[in-house]
Q: 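First the structure, which I've put down as structure tokens, then a few questions once you've had a look.
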Number of protein chains: 2
Amino acid sequence: MLKSIQLLHSFWNVQKNLIKLAQKSAVENGLSVPQYSILMAMKLDKEMIQKNVGEVTFLPKSTLSQAVDGLVREGIINRQQVEGNRREIMLSITEKGDALIKDIYLQEGGIHQVFQSVVEDMSESQYDELLRGHLQITTFLETEAQEIGECMK
Amino acid sequence: MLKSIQLLHSFWNVQKNLIKLAQKSAVENGLSVPQYSILMAMKLDKEMIQKNVGEVTFLPKSTLSQAVDGLVREGIINRQQVEGNRREIMLSITEKGDALIKDIYLQEGGIHQVFQSVVEDMSESQYDELLRGHLQITTFLETEAQEIGECMK
DNA sequence: CTGGAACTGTTCAATATAGAACTGTTCTAA
DNA sequence: TTAGAACAGTTCTATATTGAACAGTTCCAG
């Protein structure tokens, strides 16, 4: 029991700092936190169905919808109906959005730069262990979260 | 660069599940997320100055104040001025609050129970490595967050 | 075909959150 | 002392978030 509390605490400590940094990063770039999440979710796949963005970010539908709306108004992402399935909407990052993302990466004191330092300060094996541990935990949590997801519909 | 993004991603995956679980736990027990945070912060030291709770939880003063207000109305914590320093307010968990915390710990499918399973599924050394890695990261983030904290005043 | 169930996303109203201005307290330097 | 700076918390208000009701699509059993 004690160990689990300790581990939870350990995550919590990382968490709260991470969130603070993310919030700061978001505000500095004129984004809400949900908007920031969306961009980070799409940084790899520059094109995604809105539904999938929702699954990755865990944002409620309404929040997602409004956040996307703002991003579209800002010209950061494009929104167009998928032909072949008019229910779905394809989101894609514009050049402007792409530039913004690159900017965010390089911001001094931003999450990414800080994590860059963290990684450099870490041994190869330590890094691997960390990833492995997290993966294991995520798998556990995901099966649990699934059940929550079920009732959210 | 790639590694830091990967690590960030790894944390993010744990994070979002953790938050979902915490939210669920909070709602199920009739608490807001800030209220839940406060209780978790006070689970060890059953008596704390409100200021300190704020430092630990990172909650904005106004949010903290209101959340505490609700908890007091529910009879979960007590609030009384510190004699010797009438600016400060001492928060203490009532018996009712204590029972609630114990309840939360034991809730099936709650964060604590899930983490219990996680820990059992983990080798001693893996556990230690994880804690060590997190500590290292927290230290890094904390020095960074400090600067943010400075301007929040 | 067709009617209803399941999807995908939007809108709107109610709630939650947090910055800014405030009250009262303590500390400190002249 | 005593003004004024720093503190600890509260209140008020504007903003952000989200659940619930909704509109249009797609799917499928009969």
Q: Within 45 degrees of the axis of the six-membered ring of A/Y127 and under 6.0 Å from its centre: does B/K3 put its NZ or CZ there?
A: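 Checked: cation-pi criterion met.
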Q: What residue among B/L135, B/I137, B/L131 forms side chain to side chain contact (heavy atoms under 4.5 Å, CB included) with A/S10?
A: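 Result for side chain to side chain contact (heavy atoms under 4.5 Å, CB included) with A/S10: B/L131.
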Q: For D/dG19, take OP1 and OP2 only and decide whether either is under 4.0 Å from a side-chain N or O of A/S62.
A: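 No, because none of the side-chain N or O atoms of A/S62 sits under 4.0 Å from OP1 or OP2 of D/dG19.
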Q: Locate the shortest heavy-atom distance separating B/G133 from A/L130; write the atom from each residue and the value.
A: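 Between these two residues, the closest heavy atoms are CA-CD1, 4.2 Å.
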Q: Quickly work out the A/K24 NZ to C/dA18 P distance and round it to whole Å.
A: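 For the pair A/K24 NZ and C/dA18 P, the rounded distance is 18 Å.
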Q: So how far off straight is the helix from C/dC1-D/dG30 to C/dA30-D/dT1, going by the axes through five pairs at either end, to 10°?
A: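 About 20°, once rounded to a multiple of 10°.
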Q: Taking OP1 and OP2 of D/dA8, is either one under 4.0 Å from a side-chain nitrogen or oxygen of B/K51?
A: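 Checking B/K51 against D/dA8: at least one side-chain N or O falls below 4.0 Å of OP1 or OP2.
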Q: Looking at A/I111, is its backbone amide N or carbonyl O close enough to the side chain of A/K24 to form a donor-acceptor pair, meaning the two atoms are under 3.5 Å apart?
A: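 Side chain of A/K24 to backbone of A/I111: no pair is present.
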Q: Give the rounded distance in Å between these two atoms: CG of B/L59 and C1' of D/dT10.
A: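 So the two atoms are 16 Å apart, to the nearest Å.
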Q: Report yes if the side chains of B/P34 and B/T57 come closer than 4.5 Å at any heavy-atom pair, otherwise no.
A: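 No, too far: nothing below the 4.5 Å cut-off.
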Q: Send over the distance from B/Q80 CD to D/dA8 C1', rounded to a whole Å.
A: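 The answer, rounded to whole Å, is 16 Å.
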Q: Measure the distance from NZ on A/K61 to P on C/dA6 and round it to the nearest whole Å.
A: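 Rounded to the whole Å, the gap is 14 Å.
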Q: Which ones in residues 36-49 of chain A lie close to DNA chain C, meaning a heavy atom under 4.0 Å from one of its atoms?
A: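 Nucleic-acid contacts, sorted: A/I49.
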Q: Check the distance between D/dG9's P and B/L64's CG and give it to me in whole angstrom.
A: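 Roughly 8 Å, once rounded to whole Å.
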Q: Could you state the CE-C1' distance from A/M90 to C/dT8, rounded to the nearest angstrom?
A: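 Spelled out: CE on A/M90 to C1' on C/dT8 is 14 Å.
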Q: Would you mind telling me which residue lines up with the more 5' stretch of DNA chain C, A/Q23 or A/T63, judged by nearest nucleotide?
A: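 Closest to the 5' end, via its nearest nucleotide, is A/T63.
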Q: Closer than 3.5 angstrom, by distance alone: can the side chain of B/Q113 be matched with the main-chain N or O of B/Q107 as a donor-acceptor pair?
A: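 No; judged by distance alone, with no hydrogens or angles, the pair does not exist.
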Q: Write down the atom of B/G30, the atom of B/Q35, and the distance for their closest heavy-atom approach.
A: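 So the two residues come closest at O-OE1, 4.3 Å.
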Q: Using a cut-off of strictly less than 4.0 Å between a heavy atom of the residue and any atom of DNA chain D, enumerate the qualifying residues of residues 65-79 of chain B by number.
A: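 When residues 65-79 of chain B is checked for heavy atoms under 4.0 Å from DNA chain D, the hits, listed by number, are B/S65, B/Q66, B/R79.
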Q: For B/H134, which residues count as a ring pair (Phe, Tyr, Trp, His ring centres under 6.0 Å) partner, sequence neighbours excluded?
A: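 Checked B/H134 against ring pair (Phe, Tyr, Trp, His ring centres under 6.0 Å); matches are A/F11, A/H134, B/F11.
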Q: Under 3.5 Å, is there a donor-acceptor pair linking the side chains of A/Q136 and B/Q126?
A: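 Checked: A/Q136/B/Q126 side chains pair up, N/O donor to acceptor below 3.5 Å.
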Q: Hey, what are the protein-to-nucleotides 24-27 of chain C N/O distances that come in under 3.5 Å?
A:
{"residue": "C/dT25", "atom": "O2", "partner": "B/R87", "partner atom": "NH1", "Å": "3.4"}
{"residue": "C/dT26", "atom": "OP1", "partner": "B/R86", "partner atom": "N", "Å": "2.6"}

Q: Write out all pairs satisfying salt bridge (charged side-chain N to carboxylate O under 4.0 Å, His left out) with one or both partners inside residues 25-43 of chain B, taking only residues at least two apart or from two chains.
A: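 For residues 25-43 of chain B, and leaving out neighbouring residues, there are no salt bridge (charged side-chain N to carboxylate O under 4.0 Å, His left out) pairs at all.
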Q: Treating A/S25 as the side-chain partner and A/G110 as the backbone partner, does any N or O pair qualify as donor plus acceptor under 3.5 Å?
A: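 Such a contact is absent between A/S25 side chain and A/G110 backbone.
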Q: Are any side-chain N or O atoms of A/Q80 and backbone N or O atoms of A/I89, one a donor and one an acceptor, separated by less than 3.5 Å?
A: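 Checked: no pair found.
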Q: What are the two closest heavy atoms between B/I38 and B/A67, and how far apart are they?
A: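 Heavy atoms only, the tightest pair is CD1-CB, 3.6 Å.
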Q: So, for A/L31 and A/L39, which heavy atoms are closest and what is the spacing to 0.1 Å?
A: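 Heavy-atom minimum between the residues: CD1-CD1, 3.8 Å.
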Q: For the pair made of CZ in A/F58 and P in D/dT18, what is the distance, rounded to whole Å?
A: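 After rounding, the reported distance stands at 13 Å.
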Q: I need the CD1-P distance between A/I19 and C/dT17, as an integer number of Å.
A: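 Whole-Å distance recorded here is 13 Å.
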